[in-house]
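Single-structure report; data block below.
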Amino acid sequence: MRIEVDESRCFAVGNCALIAPAVFDQRDEDGTVTLLDATPPEREHEPVRAATLRCPASAIALHENETRAHDE
Amino acid sequence: MTDSTAIPIGGRAAGCPFAPVPELYEAQKDEELRRVTVPSPLLGDFDAVVVTRYEDVKSVLADDQLRMGGSMPYQAGNLLSYDGPEHSRLRRMLTGSFTTKRARELRPQIEGVVESALDTVAQAGQGADLVKHFCTPIPTLVICELLGVPYADREDFQHRTAVALDFNTSREVQMRQAAEMEAYMAGLVARHRESPGDNVLGRVVRDFGGELTDSELAGIGNMLLIAGHETIASTLSAAIALLLGHPDQLAVVRDDPSATDGAVEELLRYCAPAAILPRQAAGDICVRDQKIKEDERVVASVLAANRDLGAADQDLDNLDVRRPVQRHLTFGFGPHQCLGQQLARMELRVALPALFTRFPTLRPAVPLDELDYRTNALVFGVNALPVTW
């Protein structure tokens, strides 16, 4: 799985940081999403999918079939 | 085109105030979106497209063309009075104060507020009204922290906000209260202008005060109060009433800290205090190939969408605080999704287990089916919740 976030779309409600805190965080000054891990390990995949579905801004894009760069 | 029979879009089932009226489930089954007359004390009756399915509500609320429009009375500084770039600009000034991290940082203050409310309940003794002594003071005092209301002013502030929530007071009393609160907010803004406090309103004044007028700043203060007060007080009262009627689930919230977060999501889903969200189309919108035309009003039923059986393989009509977290639209969706939701979650996560731990034998002092539920207001809750222990 590879994740991309679009900061310009983000509404900063923090659902992603709530659901998958190992993968997403929020900028202190305005709450915009920051990506902590663009290719998270398997155990994070379900929370990341839930966070993506619950993002009110559709600011998270998932590429399910792309594997972690360092696994290859 | 409008149905001859109007759907009571905010309606709740007879004898079961937590469930939507059967007509909303009927509408949910329809492939075609219904257009109905919506009775509104605030805006007068209006015709609107009713959206009840989970995916449909999500899709319209996320649409750029769906606006607040004239759905709410205009107030400078209130995010619900703005759309598009103006809304984003104002919202950006506040989002940094409502992150998940800020909500975690506020936890100790919230715990202090909850403890003092529990002391008041104990002092009030058997038959204490939890709405008065617990559900209302908690969000009020948290708002005091966010606005920087000095301790000396808090009793007056609490009194005024309690009046605002009391549906038994006259219109004159309500108007006077609103005017007093407006004047108080203006004074608070003036004090922050002089020396910005270390709180949400103080930070907005410090960082963006040059771009905002005094009335916009007072409007922001008022919005934080309205959005963060009645909603949380109502959710607390509804959630507690609900759990008192489900003692096995109350025991889970009381005894298993690992279940708290999931239980709060389930209670948010089930209570849906803001049951309907009114909007207006600024341009044509497509929902499953059906067109909502420019200028049409739209009303989304959060209450129905949160129980949309087509969206889950679970029985969403029942409360189950142990179930896997279900998606819900209690905080809305799209650009207007609730700014303070992480704070709201934190207040509920702290308050509910603390109440049941302090009073492990808590039970209603009146039969639950005799409780006075607020079913006809914009925000659903309980007017009084007397308890014994």
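Note that this is a predicted model, so its numbers are computed, not measured.
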Interface moiety of [X] toward chain A, non-hydrogen atoms closer than 4.5 Å:
| X | value |
| --- | --- |
| B:R345 | side chain |
| B:R92 | both |
| B:Q342 | side chain |

Lys/Arg N to Asp/Glu carboxylate O, [X] vs [Y], below 4.0 Å:
| X | Y | answer |
| --- | --- | --- |
| B:R89 | B:E86 | no |
| A:R54 | B:E265 | yes |
| B:R327 | B:E55 | yes |

**Region of A:Q26 in contact with chain B, defined by heavy-atom distances below 4.5 Å** =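 The answer is the side chain of A:Q26.
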**Item:** More than 12 heavy atoms of other groups within 6.0 Å of A:N65 CG
**Value:** no
